[in-house]
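Below you'll find the structure, written out as structure tokens, and then a few comments.
Proteins get letters first, then strands, A, B, ... in listed order; numbering begins at 1 in each.
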Number of protein chains: 2
Amino acid sequence: MLNVNDVNATSLPGTLAFRFGTLGAMVTDLFVAALAPLDLKPKHVGVMVMLDLHGPAAQLEIARTMGVAPSLVVSLADHLEKLGAIQRVRDAGDRRRQVLSLTGKGRELLADALAAANRLDADLAGPLNEKDRKELNRLLGVLAAEAGLPH
Amino acid sequence: MLNVNDVNATSLPGTLAFRFGTLGAMVTDLFVAALAPLDLKPKHVGVMVMLDLHGPAAQLEIARTMGVAPSLVVSLADHLEKLGAIQRVRDAGDRRRQVLSLTGKGRELLADALAAANRLDADLAGPLNEKDRKELNRLLGVLAAEAGLPH
DNA sequence: GAAAATCGTTCATACTCTGAATGGTATTGT
DNA sequence: ACAATACCATTCAGAGTATGAACGATTTTC
């Protein structure tokens, strides 16, 4: 039986898997550099984005949503707390839980990170016209939504 | 002075920087899993893709093009050689150079990796219709080309 | 022909992340 | 009521990946 919907690429650089891998790695390196002055890494921003989107959350929820080990969330939260970006309080109803929430300083940092990302975007999307840029963002949004990533 | 071409996102998940970071990490994890049966990692495939596109090359050229340390290329080449995927011969004209070239087995592995990537693509692009899928691939290709990545 | 540069390799190290062990807290079963 | 079990956060040891410095071999420069 023939393939009625053949969308296969004929070489690896033409696949989404390869393109997302290479572009993703490059963009992440640039983002890391852009965040360095804020003393943040992408995963710290990831935590703050979650808190910003869904409100206060226990560390385990964050670990599950981000797909990382709970022990990693400990060190991410340690650092964010040291920066004054989050508050860490024991849940009165369940004192095993450490509930994280964004502080004013955290919101400031998040705004700074957003500004850095927007500057980076301007560079990245340089070769794209306005319409293409919007289309790209829309398509990435669809994939992110489908994958359960923040969007 | 007002911004005449305001394309700034208003939240981080809406930026290209964030989207490429999260999607790139997710896709890379899936790709790593898909390559595991072949005993390859994305960087091994990266080396093979370079050899396939530009022909035989010295290790240092590969390091520069891939943006990694020369010492890393040593271990990548070691592994590829062990798999029989590449040949490593001293350049007769400049005996400091180790020239890498794909073997028949290497081309087979590359084809297997391509098949794995295409299967992954089918999953990834599931929620996209044919037109969107083509458009996404085109836009990613533009960015990859602009960034000097394989395309 | 000596000095400097280049290529590949090894090795020590940094970094990120995970999984197992632990202590404290909550829930379940009897 | 209370023992057994399950759960959350934390610490810690260790795996995996990458870099950069040091070295030997070779080539280029002066």
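Across the protein-nucleic acid pair, B:Met66 atom CE and D:dA18 atom P stand 9 Å apart, rounded to whole Å. Rounded to an integer number of Å, the gap from CG of B:Leu35 to C1' of D:dG16 is 17 Å. The distance between atom CD1 of B:Ile62 and atom P of D:dA18, rounded to the nearest whole Å, is 15 Å. The nearest whole Å value for the distance from the CZ atom in B:Arg95 to the P atom in D:dT27 is 6 Å. Atom pair A:Arg97:CZ and C:dA26:P shows a separation of 12 Å (rounding to whole Å applied). Whole-Å rounding puts the A:Asp94 CG to D:dC7 C1' distance at 8 Å. Put simply, CZ on B:Arg88 is 12 Å from C1' on C:dC7, counting in whole angstrom units. When rounded to the nearest whole Å, the span between CG of B:Leu60 and P of D:dA25 equals 20 Å.
Of the listed nucleotides (C:dT10, D:dA18, D:dG16), C:dT10 has the atom at the smallest distance from the side chain of B:Asp78. Residue B:Val68 places its side chain closer to D:dT19 than to any other of D:dT19, C:dC15, C:dC17. Here D:dC8 is the nucleotide among C:dC17, D:dC8, C:dT9 with the atom lying nearest to any side-chain atom of A:Arg64. For A:Gln59, whose side chain is taken as the heavy atoms from C-beta onward, the closest listed nucleotide among D:dA18, C:dG8, D:dA9 is D:dA9. Picking from C:dG8, D:dT27, C:dT25 the nucleotide with the shortest atom distance to the side chain of A:Arg96 gives C:dT25.
Contact annotation: B:Lys41 does not reach the phosphate of D:dG16 (side-chain N/O to OP1 or OP2, under 4.0 Å). In this structure, B:Arg90 does not reach the C:dT9 phosphate: none of its side-chain N or O atoms is under 4.0 Å from OP1 or OP2.
At a cut-off of 3.5 angstrom, the base of D:dG20 holds at least one donor-acceptor pair with the side chain of B:Ser71.
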Between B:Phe20 and A:Asp121, is the side chain to side chain contact (heavy atoms under 4.5 Å, CB included) condition met? List the steps. CA-CA 10 Å; B:Phe20 271 114; A:Asp121 279 18; over 6 Å; no
Check the pair A:Thr28, A:Val32 against side chain to side chain contact (heavy atoms under 4.5 Å, CB included), reporting the backbone distance first and the verdict last. CA-CA 6 Å; A:Thr28 296; A:Val32 166; 4.2 Å; yes
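Under the 4.0 Å criterion applied to side-chain N and carboxylate O atoms, B:Glu130 and B:Arg133 are not assigned as salt-bridge partners.
Remark: the backbone N or O of A:Pro13 is paired with a side-chain donor or acceptor of A:Arg19 at under 3.5 angstrom. A distance-only check finds a donor-acceptor pair linking the side chain of B:Asn118 to the backbone of A:Ala9 [under 3.5 Å].
Within the 4.0 angstrom heavy-atom criterion, no nucleotide atom of any strand lies near B:Val73.
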